[in-house]
Asks: 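Before anything else, here's the structure in question.
Each ligand, and each atom within it, is numbered from 1 in the order the structure gives. The analysis underlying the following values was restricted to heavy atoms, covering all of them including side chains, and did not include hydrogens, waters or symmetry mates. We number each residue from 1, following the sequence as shown.
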Amino acid sequence: MDTSGDWDRLRALKGVKWTRYGPEVLPAWVADMDFDQAGPIKAAITSMVERGDLGYEFEGLNALQSTWAQWVSRQHGLEVDVDELWSFTGALHALEAIMILDTVPGDGVVLFTPIYYPFRSAIEDSGRTVVDVALDTPGWRLDAERFEDALTPNTRVVLFCHPHNPTGRVFDAEELAAFADVVERRNLLVITDEVWADLAHAPNKHVPLILAEPRLAKHTVTLGSASKAFNVSGLRCAVAHVGPPHLRRALDQFPTHLLGGPSTMSAAATVAAWTQCDDWLNEHLAIISTNRDHVGARLAGECETVRFEAPEATYLAWLDFTQTTLGDDPAKVLLKKAGVALDQGLKFGYQGAGYARLNFATNREVLDAVLDRIIAAVNSGVTP
Ligand SMILES: Cc1ncc(COP(=O)(O)O)c(C=O)c1O
């Protein structure tokens, strides 16, 4: 597919990715793709607008949950009971609401770091206590012993990210089994954010946590959404499978409108994504996988001081600049001196010193322009 030549469309976008830094900067930071959405998603939205059909409508909202159940069954082999599903306005909405419902201020909440930074703010902003468990290097592996050693008597919840942002890890069966042993032994609640599930690069395969470890079903809330795989983050919609019965009761008793939920338009678009857009997803996942290899090949060939471990999933590269002259905050230097916007590694935790996160879900022309700027800056020995 020819994805080159749409600079004008990208420059005209009003989203935060292409507007925050102005026209001289190439954006490769926030996790939105540069690809135009699939036809059926756009048709679902425009047909509602054309019909003037923007009033209350419950069918689409109800369909959302059963559609997700069918989607995860087809995509990942996970069978869920529709009665155990809830809709939310986004994955972070679900994550925060459920974490807050099941804890009190001061309780410990585990993070495997470096980690997608809103997880940490969710804990800190609600007065819970971060239990920071570093992933093991090299390879960003889960270390179950380190996890168990970090637990305090009042640690109640784990915010799990699988596949993992920013490292792109798809945790394997061995890691998940050792993780599950600790969760069971210590009777923890796991909120597993699986919004990247549909973007694993072959031969890697995402296996939902509760499919890999069915004994965790009663301990786990699984979050899914179309936002990453189909590039519809702004529409605001997510689905949660709530395994623990006490949490289902708590959600049932909670005032409905305080929890909120997706709009009819986001539900319609999400249902379209999960029922009519397989070809689009396959085509774009192939582009993303090729881009991932291209980033690796260019860095290895032209700039080997920037280390790159190919992500097993996601369109995010967790780049290691620690062997370069860029210092602890390479994204800041690259923004100022190279006109390219990456996400700052330090936002993901102390392990992010000397790292930056690159979003490579774009067309080849933009990706090469971004890489040209990074490579030129690093090879010229640019400093903070
Ligand atoms: C792991 C992860 N969870 C959640 C989100 C955001 O989800 P939402 O916009 O549905 O709250 C992102 C966005 O990049 C993410 O990477």
Side-chain angles (χ1 to χ4, degrees), residues 15-17 20 27-35 37 41 64 68 71 85-100 109-123 125-126 135 140 157-171 190-200 206 208-209 221-241 259-263 265-267 269-270 273-274 288 311-318 341-345 347-349 352 356-362:
V16 66
K17 184 178 186 184
R20 174 162 293 174
W29 59 293
V30 68
D32 282 320
M33 303 196 219
D34 285 342
F35 307 128
Q37 288 75 18
I41 293 178
L64 185 61
W68 185 71
W71 174 252
L85 303 182
W86 263 257
S87 308
F88 287 88
T89 313
L92 290 173
H93 175 216
L95 177 134
E96 291 193 353
I98 289 166
M99 178 192 71
I100 288 170
V109 180
V110 175
L111 292 177
F112 291 103
T113 57
I115 188 66
Y116 175 59
Y117 39 88
F119 281 28
R120 187 183 296 276
S121 358
I123 302 170
D125 295 350
S126 60
L135 290 171
W140 306 111
V157 175
V158 182
L159 300 184
F160 199 54
C161 189
H162 174 54
H164 186 262
N165 174 1
T167 65
R169 279 300 317 288
V170 173
F171 298 117
V190 182
I191 304 177
T192 177
D193 176 336
E194 304 195 359
V195 299
W196 291 97
D198 303 315
L199 294 175
H206 171 77
L209 176 63
V221 174
T222 303
L223 309 182
S225 115
S227 67
K228 297 296 139 198
F230 294 95
N231 199 24
V232 290
S233 301
L235 290 176
R236 319 304 299 134
C237 182
V239 175
H241 172 258
L259 277 179
S263 70
M265 205 174 262
S266 67
T270 299
W274 287 335
I288 291 166
E312 294 162 337
T314 80
Y315 47 74
L316 308 168
W318 183 234
L342 308 185
D343 245 325
Q344 291 171 277
K347 289 198 334 202
F348 298 79
R357 195 190 72 174
L358 165 78
N359 173 345
F360 52 81
T362 188

Asks: Can you tell me which residue pairs pass the salt bridge (Lys or Arg N to Asp or Glu O under 4.0 Å) test with a partner in residues 226-240, sequence neighbours excluded?
Replies: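 Of all non-adjacent pairs touching residues 226-240, none passes salt bridge (Lys or Arg N to Asp or Glu O under 4.0 Å).
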
Asks: Parallel, tilted or perpendicular, judged at 30° and 60°: which one describes the rings of Phe119 and Tyr116?
Replies: perpendicular

Asks: Quick one: pull up CG in Leu358 and CG in Leu316 and give me the separation to the nearest 0.5 Å.
Replies: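 Reported value, rounded in 0.5 Å steps: 8.5 Å.
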
Asks: How are the rings of Trp71 and Trp274 set to each other: parallel, tilted or perpendicular (split at 30° and 60°)?
Replies: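 It falls in the parallel class, under 30°.
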
Asks: In terms of the angle between their ring planes, are His206 and His162 parallel, tilted or perpendicular, with boundaries placed at 30° and 60°?
Replies: tilted

Asks: For residues Phe348 and Asn165, determine if any side-chain heavy atom of one lies less than 4.5 Å from a side-chain heavy atom of the other.
Replies: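 Heavy-atom side-chain distance check passes, below 4.5 Å.
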
Asks: Pick out the protein N or O atoms lying less than 3.5 Å from any N or O of ligand 1, and list each pair with its distance.
Replies:
unit_1, atom_1, unit_2, atom_2, d
ligand 1, 3 (N), Asp193, OD2, 2.5
ligand 1, 9 (O), Arg236, NH1, 2.8
ligand 1, 10 (O), Ala91, N, 2.7
ligand 1, 11 (O), Ala91, N, 3.2
ligand 1, 11 (O), Leu92, N, 3.0
ligand 1, 14 (O), Lys228, NZ, 3.1
ligand 1, 16 (O), Asn165, ND2, 2.8
ligand 1, 16 (O), Trp196, NE1, 2.9

